[in-house]
Amino acid sequence: MPWPPKIFWVGLILYYGFVAICWIGEATAGWNHIPLAVELYAALLGTWIIPLIMSVIYFYFPEKAEEASG
Amino acid sequence: MADPIVVGITVLYFVAIIVIGWYSRVRMKSATDYYVAGRQIGSVVNGLALESTYLSPASMLGLPAYVFIIGYQFWWAMAAIIAGMPIATLLTAAAMRKYGPTSFADYYADRYNDQNLRWLVGIIVIFGAILYITLSIVGMGIFLLAILRFPYLYGVILGAVIVMIYVVFGGMVATSWNAAFQAVLMTIAAVIAAIGIINYFGGLGPYHMAILENNPKFFNTPSDIEPSHIYAATWLAVIGWFFVWHYGFATMPYTVVRFFTVMDMKTARRSIFWCTLFAGIFYLGLEIIGAGAKVIIEKAHPLVLQGTVPANAVKVLAYYAKTYGVGTVTDYSMVAAVEALQNPWVLGILCAGGLAIAMSTAAGWVMVVNVIVTRDWADMMLRSKFAKENPILMARIISVIFLAIGLVIAINPPALVLDLSGWAFVVIIASIGPSLVLGLWWKGATRTATWVTAVIMFVLHLYAWLYAKFTLGKPHFFFLNTALGLSKTAIVTPHQVWAIPLGFLLFIVISLVTKKPEPEVVEKYCVQLTEKL
């Protein structure tokens with residue numbers, strides 16, 4: 001059975017894990033009421049930095065694997 | 001009265017796209033150039049083109065409008081849209097480029113060994129295309145109103161004519177290069193406008209506090225005593241918003257076809273990095289604008305300062321609805337926020353960026369429809385001699401017809417631009433998304449499941465959305481609320497997003513109980529395409 005490469009799941013766990021932690025933090029500790037916290041974790045990290053890290057690992061590791069296999 | 005600086009920047013924008021389009025036209029020699037840009041587009045250009053094609057006026061106008069309505073919780077829906085981009089890299093993009101078809105419908109016809117799927121997939125895609133062409137023309141109308149200060153009706157007519165000229169003479173080569181330019185422009189526009197708003201308040205800290213002072217519920221979540229809005233009053237609703245557009249980048253035809261235009265699989269993967277980089281910055285800007293819109297409109301909009309309208313953002317927007325005839329005036333909130341800066345340079349760049357995003361989205365969708373109607377239906381299914389001998393001419397005729405349909409609907413749009421977008425997304429992902437994604441990754445995906453899922457989910461979702469919108473009042477209320485004995489607003493499931501997991505479940509169940517596909521077809525269009533991604 002075809003199966004997406006392991007690195008695909010790493011990216012998913014990274015992003016969904018981050019979102020889940022943020023929501024748990026908001027629901028239990030009220031992170032959303034800390035001034036400028038949402039701008040940091042939802043905007044800067046959630047909307048830009050972490051998706052960007054995912055996009056890098058999704059092209060970097062497949063290319064490394066292609067180079068290794070010639 | 002139109003501001004000459006705003007008009008001048010817009011004129012410069014049009015000069016730039018005409019020059020780029022002219023160079024593109026000189027290079028265009030065949031139908032393959034017209035449809036898939038000769039498969040010669042590099043990663044940076046394709047990444048930028050992906051950004052400006054995928055992100056439509058639903059992003060530029062609709063997302064800030066929903067942040068304006070719902071509050072901070074909507075930022076997560078925006079974050080999910082950007083995070084959906086890298087997910088597409090390994091889920092569909094790389095495999096689709098390896099396969100290298102011409103039309104979105106090719107994969108369905110080949111993988112499920114059934115040419116008639118071109119009809120079914122085409123009908124569903126065309127439904128989404130009409131909604132997207134409509135919202136693009138609405139966007140053109142709104143930005144032309146901001147530029148020229150004339151009635152919205154004139155704006156949509158002029159906007160449709162501009163897009164017609166643009167698409168009819170360009171094809172995918174023109175849309176690729178112009179779309180890349182448009183991506184840079186709209187990203188710069190959002191960033192400049194966001195910086196302008198933060199500067200107005202004197203920094204990010206004062207900006208945050210001003211929002212809180214204006215609306216103490218703005219940053220609330222469903223766990224707070226008073227949620228920010230009924231649409232985000234439960235975590236189920238927040239999760240629903242998160243997933244409405246999340247998988248669109250991997251499955252929507254106007255992005256999937258852009259993976260066909262690149263040189264190779266490596267370029268397809270890298271193009272998504274560039275897209276995520278620029279789109280992420282663009283969305284950061286939109287989040288800032290959307291969150292600050294209400295407070296800046298109420299403190300600094302010229303209509304408020306002149307005393308024409310009381311210091312109330314809703315009343316400012318109502319003024320635009322009454323004076324200029326804008327049908328879905330909340331879509332104007334983002335432009336009104338930038339007008340409040342009273343800087344014609346910023347407004348001019350924003351409007352040029354807005355026209356850019358509307359034109360590139362309309363062009364991208366028109367190209368998808370062109371290929372389906374001209375190549376898949378007329379040439380391949382009906383064996384039309386005219387379509388075979390005059391593919392570009394026929395594609396141009398089709399472009400004009402669909403733009404005219406979009407124009408008619410855009411004059412009095414049935415919903416906000418973001419609602420039209422959400423409708424298109426969920427209907428397409430729920431009905432033909434499972435057969436695309438699982439067709440690649442599951443040998444057991446069957447032809448019968450493709451037909452049954454597409455037909456049932458298309459009809460069911462259309463009914464559910466329309467029932468929720470016209471009987472319950474909003475497309476975000478679960479269509480069975482009253483049937484379950486609940487209040488109309490009891491369960492919020494944005495754009496009936498439950499349809500997406502249901503579509504996947506239905507597809508799997510039917511695949512398990514129906515005839516397995518031919519082994520050689522599965523080997524070619526499932527196993528080999530997903531090897532070594």
Side-chain angles (χ1 to χ4, degrees), chain A, chain B residues 43 72-73 75-76 78-91 94-95 204-205 207-209 212 219-224 235 238-239 242 265-266 268-277 279-281 283-284 287-288 291 440-444 526-533:
Chain A
M1 184 64 71
W3 195 245
K6 282 181 194 142
I7 197 67
F8 176 73
W9 304 105
V10 172
L12 286 193
I13 290 167
L14 171 70
Y15 193 73
Y16 295 142
F18 171 78
V19 174
I21 288 168
C22 291
W23 285 352
I24 291 167
E26 290 183 338
T28 58
W31 288 2
N32 50 310
H33 296 301
I34 302 168
L36 296 184
V38 295
E39 283 85 351
L40 176 67
Y41 65 74
L44 188 64
L45 292 174
T47 308
W48 192 40
I49 300 294
I50 295 180
L52 199 59
I53 293 170
M54 288 167 75
S55 71
V56 170
I57 62 174
Y58 282 174
F59 80 74
Y60 179 78
F61 288 101
E63 282 182 16
K64 280 281 168 197
E66 282 167 12
E67 281 172 21
S69 65
Chain B
S43 62
Y72 143 75
Q73 283 300 306
W75 282 10
W76 286 110
M78 300 174 69
I81 295 171
I82 301 298
M85 293 174 170
I87 288 172
T89 313
L90 297 177
L91 196 62
L204 204 54
Y207 157 86
H208 182 98
M209 298 316 290
L212 206 53
F219 293 105
N220 284 6
T221 72
S223 296
D224 289 302
W235 284 105
V238 173
I239 293 167
F242 185 90
M265 208 164 67
K266 184 177 168 183
R269 289 192 297 250
R270 283 186 173 238
S271 66
I272 293 177
F273 162 76
W274 291 106
C275 180
T276 309
L277 175 70
I281 297 170
Y283 267 39
L284 278 179
E287 287 174 349
I288 296 290
L440 283 169
W441 294 106
W442 185 33
K443 286 183 188 176
C526 174
V527 179
Q528 288 179 12
L529 288 184
T530 50
E531 275 175 351
K532 296 179 183 174
L533 292 185

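In what follows, chains carry the letters A, B, and so on, assigned in the order in which the sequence lines appear, proteins first and then strands, with residues in each chain numbered from 1. Everything quoted here is computed from the prediction, not taken from an experiment.
- Heavy-atom distances place both the backbone and the side chain of Phe273(B) under 4.5 Å from chain A.
- Contacts between Ile281(B) and chain A at a heavy-atom distance below 4.5 Å involve backbone atoms as well as side-chain atoms.
- Distance OG/Ser43(B) to CZ/Arg269(B): 11.5 Å, rounded to 0.5 Å.
- Heavy-atom pairs under 4.5 Å with chain A were tallied for Ala279(B), Ala83(B), Cys275(B), Gly84(B); the largest tally goes to Ala83(B).
- With a 4.5 angstrom heavy-atom cutoff, Thr89(B) touches chain A only via side-chain atoms.
- Heavy-atom proximity under 4.5 angstrom to chain B picks out Glu26(A), Ala27(A), Asn32(A) from residues 24-32 of chain A.
- Sorted by first then second residue, the salt bridge (charged side-chain N to carboxylate O under 4.0 Å, His left out) pairs that include residues 40-64 of chain A, not counting sequence neighbours, are Glu63(A)-Arg270(B).
- Both the backbone and the side chain of Leu91(B) come within less than 4.5 Å of a heavy atom in chain A.
- Summarising the geometry of Pro35(A) relative to His208(B), their closest heavy-atom pair is CA-NE2, 3.8 Å, with the distance given to 0.1 Å.
- Ring to ring, Trp441(B) and Phe8(A) are not that close: their centroids are 6.0 angstrom or more apart.
- Your options are Leu529(B), Asp224(B), Ile288(B), Ile81(B), and the one with the most heavy-atom pairs under 4.5 Å with chain A is Asp224(B).
- Using a 4.5 Å heavy-atom cut-off against chain B, the contacting residues of residues 54-62 of chain A are Met54(A), Ser55(A), Val56(A), Tyr58(A), Phe59(A), Pro62(A).
- For a residue to count as touching a neighbouring chain, one of its non-hydrogen atoms must lie under 4.5 Å from one of that chain's; by this rule Gln528(B) does not touch chain A.
- Taking OG1 of Thr276(B) as the reference point, atom CD1 of Ile50(A) lies at 13.5 Å (rounded to 0.5 Å).
- Heavy-atom distances place no part of Ala88(B) under 4.5 Å from chain A, backbone and side chain included.
- Here CD1 of Ile53(A) is found 6.5 Å from CG of Leu14(A). Values are rounded to the nearest 0.5 Å.
- A distance of 11.0 Å separates CH2 of Trp23(A) from OG1 of Thr221(B), quoted to the nearest 0.5 Å.
- Around CH2 of Trp76(B), the count of heavy atoms belonging to other residues, nucleotides or ligands within 6.0 Å exceeds 12.
- Listed by chain and number, the residues in a side chain to side chain donor-acceptor pair (under 3.5 Å) with Trp235(B) are Ser223(B) (sequence neighbours excluded).
- Of the atoms belonging to Tyr41(A), heavy atoms from both backbone and side chain fall under 4.5 Å from chain B.
- With a 4.5 Å cut-off on non-hydrogen atoms, Asn220(B) touches chain A through its backbone and its side chain both.
- Note that the CE atom of Met85(B) and the CG atom of Leu277(B) stand 11.0 Å from one another [nearest 0.5 Å].
- Ranked by heavy-atom pairs under 4.5 Å with chain B, the list Leu45(A), Thr47(A), Leu44(A) is led by Thr47(A).
- For the atom pair Leu36(A) CG and Tyr207(B) OH, the distance stands at 10.0 Å (nearest 0.5 Å).
- Aromatic ring pairs are classed by plane angle as parallel below 30°, tilted from 30° to 60° and perpendicular above 60°; the pair Trp75(B) and Tyr72(B) is perpendicular.
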